[in-house]
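Any value given below was found using the heavy atoms of this structure, including those in side chains, with hydrogens, waters and symmetry copies removed. Because the structure is predicted, anything quoted here is derived from the model rather than measured.
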Amino acid sequence: MKIKNVKPVTVSLLLGLSLSGCTYVSLSEAGSRVNQSSLEAVSECTLVGDVSSQTKDKVLLDRNNGKVKQELIVLGRNRAVEFGSTDLVQTGSVEGGSASFKAYRCD
């Protein structure tokens with residue numbers, strides 16, 4: 001028995017698996033308690049640290065900017081928990097799959 005087109009099928013399967021594995025980041029239970037805020041909203045809060053996050057902005061092709069930004073926010077919220085943060089403010093724009101944030105505690 002001879003199987004034709006094994007290579008294209010294999011490449012397609014591997015590509016599909018790699019794309020699906022890199023496009024979803026889950027918000028942790030603790031991260032869900034960190035609010036995405038603005039500078040005005042945290043004006044009377046305490047700065048507790050700087051947070052950065054990174055994700056893939058390219059998987060063979062450029063990924064959707066909106067999805068990349070949402071993943072970076074989720075990663076930032078998950079990481080802000082380490083500072084005891086209640087609020088997270090993005091500083092600057094998303095570039096090359098990375099973003100920076102300031103973590104605040106608002107009592």
Side-chain angles (χ1 to χ4, degrees):
M1 182 171 150
K2 195 173 191 181
I3 300 174
K4 294 182 179 183
N5 298 327
V6 171
K7 197 172 192 176
V9 170
T10 303
V11 170
S12 296
L13 178 62
L14 290 174
L15 178 62
L17 290 173
S18 68
L19 288 174
S20 66
C22 297
T23 59
Y24 183 74
V25 176
S26 353
L27 184 61
S28 68
E29 185 178 330
S32 70
R33 292 187 290 271
V34 176
N35 301 308
Q36 183 184 356
S37 298
S38 65
L39 279 175
E40 295 80 23
V42 297
S43 63
E44 296 187 22
C45 301
T46 304
L47 176 64
V48 292
D50 293 315
V51 175
S52 63
S53 59
Q54 290 184 307
T55 192
K56 296 218 179 262
D57 64 338
K58 237 181 206 186
V59 181
L60 296 180
L61 301 172
D62 289 338
R63 292 185 57 217
N64 177 290
N65 287 337
K67 286 184 181 184
V68 169
K69 183 176 180 178
Q70 286 304 313
E71 285 183 13
L72 291 168
I73 291 167
V74 167
L75 290 166
R77 289 172 69 188
N78 287 344
R79 188 162 291 149
V81 170
E82 298 169 18
F83 296 96
S85 175
T86 59
D87 292 76
L88 192 68
V89 177
Q90 186 173 340
T91 57
S93 60
V94 172
E95 291 185 31
S98 10
S100 298
F101 304 88
K102 298 281 184 188
Y104 293 86
R105 183 171 329 142
C106 304
D107 297 318

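- Put simply, OG1 on Thr55 and NZ on Lys69 are 15.0 Å apart, with the number rounded to the nearest 0.5 Å.
- Pairing each heavy atom of Phe83 with each of Val48, the nearest pair is CD2-O, 3.4 Å.
- Heavy atoms only, all atoms of each residue included: Val42 and Ser37 are closest at CG1-CB, 3.9 Å.
- In plain terms, the two heavy atoms of Arg79 and Ser53 that are nearest each other are NH1-CA, 4.0 Å.
- Contact detail for Arg105 and Gly84: the closest heavy-atom pair is NE-O, 3.2 Å.
- The structure places OG1 of Thr46 at 11.0 Å from CG of Asp87, a figure rounded to the nearest 0.5 Å.
- Remark: side-chain polar atoms of Glu71 are not paired, donor with acceptor, to backbone N or O of Ile73 under 3.5 angstrom.
- Partner of Leu88 under the side chain to side chain contact (heavy atoms under 4.5 Å, CB included) criterion, chosen from Val81, Val34, Asn35: Val34.
- No donor-acceptor distance shorter than 3.5 angstrom exists from the side chain of Ser26 to the backbone of Ser28, with no hydrogens or angles considered.
- Contact detail for Asn78 and Gly31: the closest heavy-atom pair is OD1-CA, 3.7 Å.
- Using a 4.5 Å cut-off between side-chain heavy atoms of Ile, Leu, Val, Met, Phe, Trp and Tyr, Val68 falls into a hydrophobic cluster with Leu72, Val94.
- When all heavy atoms are compared, the tightest approach of Leu39 to Tyr104 is CD2-OH, 3.8 Å.
- Counting heavy atoms from C-beta on, the side chains of Lys102 and Val51 never come closer than 4.5 Å.
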